[in-house]
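All remarks here apply to the structure that follows.
Residues: numbered from 1 along the sequence shown. Keep in mind that the numbers below use all heavy atoms, side chains included, and drop hydrogens, waters and symmetry copies. All figures in this text were calculated on a predicted structure; none of them were measured in a lab.
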Amino acid sequence: MSAAATTSAGVGMVSSAPRLRFVDRVNPVTRLAALVVLTTPLLLTVDWLSAAVALGIELVLFALAGVTPKLLVARTWPILVSAPIAGLSMLLYGQPEGTEYWSLWLARITDGSIELAVAVTVRVLAIGLPAALLFLRVDPTELADGLAQIAHLPARFVLGALGATRLVGLFVEDWRAMGLSRRARGIGDHGVIRRVATMAFALLVLAIRRGSKLATAMEARGFGSDTPRTWARVSTVGGSDAALLAIAAAVAALSIAVAVWAGTFNPVWS
């Protein structure tokens, strides 16, 4: 597939995602910084109240941005499934404290494990949902422009990562094409494990060849030189970016402050 077709495929995937009010005007690098500002304080404590406050505010902000319940479930279902699983492990094998309600060998359900399970479940949601929704519509090229021009990451690293990201979408098409060709030859209807193993190896070989060709093409066009690089599109930040960072900091500070005020703040180092 040509570079133009690859770029068009990437842009098509971005445009197919629903637009979100306010968020779409924010630079992708700012979204990444806001995510770090929001989630880092939540990782410093293991209590249910701070995570619940953060999650409640996030859901309100998501609704204001245009995230419907259907969109929320469709885009974040892996997080919605993994959060209860993480909480279940804490429920059964968390630190036993207080009254014991049930036990079986190493598994014990106590007041402490119940509280820890609730805290972990809500915390996974509070950290995972913003990560999924803030990057609902992100063009890899815009993200690369921001990382190089605003975050000042090395251009060689950014452009290499951009090229790799653009080619990831082709893996699905390659896998589908290989499956259809094998079935047309009468070798794709039996031996599921063997078929998957051989197709995975073929996909690995194809990826290595395509990566080598891409690296050679980029090197021939001067992408590997150490001279200062110019950029076709200027990546800028503005008032919307500052507002998102301020909102993220306010949500994190309020959630921690409420937990400290209520006496539920439980730092991970304690």
(request) For the residue pair T216 and K213, establish whether any side-chain heavy-atom pair is separated by less than 4.5 Å. (result)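 They are not in side-chain contact.
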Spacing of [atom1] belonging to [X] relative to [atom2] belonging to [Y], to within rounding of 0.5 Å:
X: I57; Y: S255; atom1: CD1; atom2: OG; answer: 7.0 Å
X: L162; Y: L159; atom1: CG; atom2: CG; answer: 6.5 Å
X: L32; Y: L134; atom1: CG; atom2: CG; answer: 9.5 Å

(request) Using only heavy-atom distances, determine whether the side chains of N27 and S235 contain a donor-acceptor pair under 3.5 Å. (result)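 Side-chain D/A pair, N27 to S235: present.
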(message) Under 3.5 Å, is there a donor on one side chain and an acceptor on the other for T45 and R123?
(response)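 Short answer, no.
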(request) Work out which heavy atom in F22 is nearest to a heavy atom in S240; give both atom names and the distance. (result)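 So the two residues come closest at CZ-O, 3.4 Å.
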(request) For residues S82 and V124, report the shortest heavy-atom separation together with the two atoms involved. (result)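 In terms of heavy atoms, the two residues are closest at OG-CG1, 4.5 Å.
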Do the side chain of [X] and the main chain of [Y] share a donor and acceptor less than 3.5 angstrom apart?
X: S181; Y: M178; value: yes
X: R25; Y: G239; value: no
X: E142; Y: R233; value: no
X: T30; Y: V26; value: no

(message) Between L42 and V37, is there shared hydrophobic-cluster membership here, with clusters defined by ILVMFWY side-chain heavy atoms closer than 4.5 Å?
(response)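 Each belongs to a different hydrophobic cluster.
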(request) Take atom CH2 of W77 as the centre, draw a 6.0 Å sphere, and report whether it contains more than 12 heavy atoms from other residues, nucleotides or ligands. (result)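 Count not over threshold, so no.
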